[in-house]
Asker: 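Input: one structure, supplied below.
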Amino acid sequence: MLSKKRFLEALDIIVNMFPEAHGELEWETPFQLLIATILSAQATDKGVNKATPGLFAKYPDPESLAQADVADVEQCIRTIGLYKTKAKNIIKTSQMLVENFNSELPRDKKLLQTLPGVGRKTANVVLGETYGIPGIAVDTHVERISKRLDIVPQKASVLEVEEKLMKLIPEERWVESHHHLIFFGRYHCTARAPKCEECPVLEYCKFGKRNLNG
DNA sequence: ATCCCGAGGG
DNA sequence: CCCTCTGGAT
């Protein structure tokens, strides 16, 4: 298991690899970020960004999306995976925002998660991006990197990964670190063919050393 | 544990 | 072809 000190050293190197790391979903309002993030489940941000302009042109706010026809919303987002479930969820979420939350996003993590399609990861992303509320969203990249660096057991749940990262990283760095880890996972420490042979944190990485030695 | 599910990459 | 993508609900 990698120590806290060693992990923070590796994290600083990762930060320097992608100093400009940021959220890549495109949105104009907190509501649109929420919808885009719901749509991003098991989908690439590029795929989501391709569909959301058309969706938001027709349904820019909770009021309009709350009254939308399911079939039309499905049409708008059909190129994104899991589109049937997502169409239903974003309409219902919009209805709940209008009816229960005065058309505004609840800033409370638990409350936000009462919206259909919004789980822990999505709530963390939205609250961090819009209001700067500290949190670490554990997606497929963050989970993979945490396990490759061996800061959690290979069988750890995403919640256990989140709790471990919150222990290792100072709270004021949670939101930015999340983005750095994502960029590292998306563009370097990829799932399929990770670039271990040219990796600046190889000396910290159990997985990488084993990967190169065979 | 299983289902949902299209696009892009290797 | 097979794997992966800023998961969530049952």
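In the text below, chain A, chain B and the rest are named by the order of the sequence lines, each starting its count at 1.
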Asker: Would A/R173 and A/D12 count as a salt bridge (charged side-chain N to carboxylate O under 4.0 Å, His left out) if you check the C-alpha gap in whole Å, the side-chain angles of each, and the deciding distance to 0.1 Å?
Answerer: CA-CA 11 Å; A/R173 292 182 60 188; A/D12 282 339; 3.3 Å; yes

Asker: Counting heavy atoms from C-beta on, name the nucleotide in C/dT6, B/dG9, C/dC5 closest to the side chain of A/R192.
Answerer: B/dG9

Asker: What does A/A191 touch in the nucleic acid at a heavy-atom separation under 4.0 angstrom: a base, only the sugar-phosphate, or nothing?
Answerer: sugar-phosphate

Asker: Please measure how far the P atom in C/dT6 lies from the corresponding atom in B/dC4, and state the result in whole Å.
Answerer: 22 Å

Asker: Aromatic contact between A/H22 and A/F183, with the criterion being ring centroids under 6.0 Å apart: yes or no?
Answerer: yes

Asker: Answer with base, sugar-phosphate or nothing: what part of the nucleic acid does A/T122 contact at a heavy-atom distance below 4.0 Å?
Answerer: sugar-phosphate

Asker: Counting any heavy atom closer than 4.0 Å, what does A/L115 reach on the DNA or RNA strands: base, sugar-phosphate only, or nothing?
Answerer: sugar-phosphate

Asker: Mind checking the P distance from B/dA7 to C/dG8? Whole angstroms is fine.
Answerer: 22 Å

Asker: Hey, does A/R78 reach any base, or is it just sugar-phosphate, or nothing, if we go heavy atoms under 4.0 Å?
Answerer: sugar-phosphate

Asker: Indicate, with a heavy-atom threshold strictly under 4.0 Å, whether A/K46 touches base, sugar-phosphate, or nothing.
Answerer: nothing

Asker: Which listed nucleotide (B/dC4, C/dT6, B/dA7) is nearest to the side chain of A/K50?
Answerer: B/dA7

Asker: Just compare B/dG8, C/dC5, B/dC5 and give me whichever is closest to any side-chain atom of A/K84.
Answerer: B/dC5

Asker: Just to be sure I understand the rule, does A/G117 reach a base, reach only the sugar-phosphate, or reach nothing, if contact means heavy atoms closer than 4.0 Å?
Answerer: sugar-phosphate

Asker: With heavy atoms under 4.0 Å as the rule, sort A/G185 into base, sugar-phosphate or nothing.
Answerer: nothing

Asker: For the side chain of A/D45, starting at C-beta, report the closest nucleotide among C/dG8, B/dG6, C/dT6.
Answerer: C/dT6

Asker: Do A/K110 and A/T114 have side chains that get closer than 4.5 Å, going by heavy atoms?
Answerer: no

Asker: As a test of reading the structure: which of C/dT6, B/dC4, B/dA7 is closest to the side chain of A/D139, going by heavy atoms?
Answerer: C/dT6

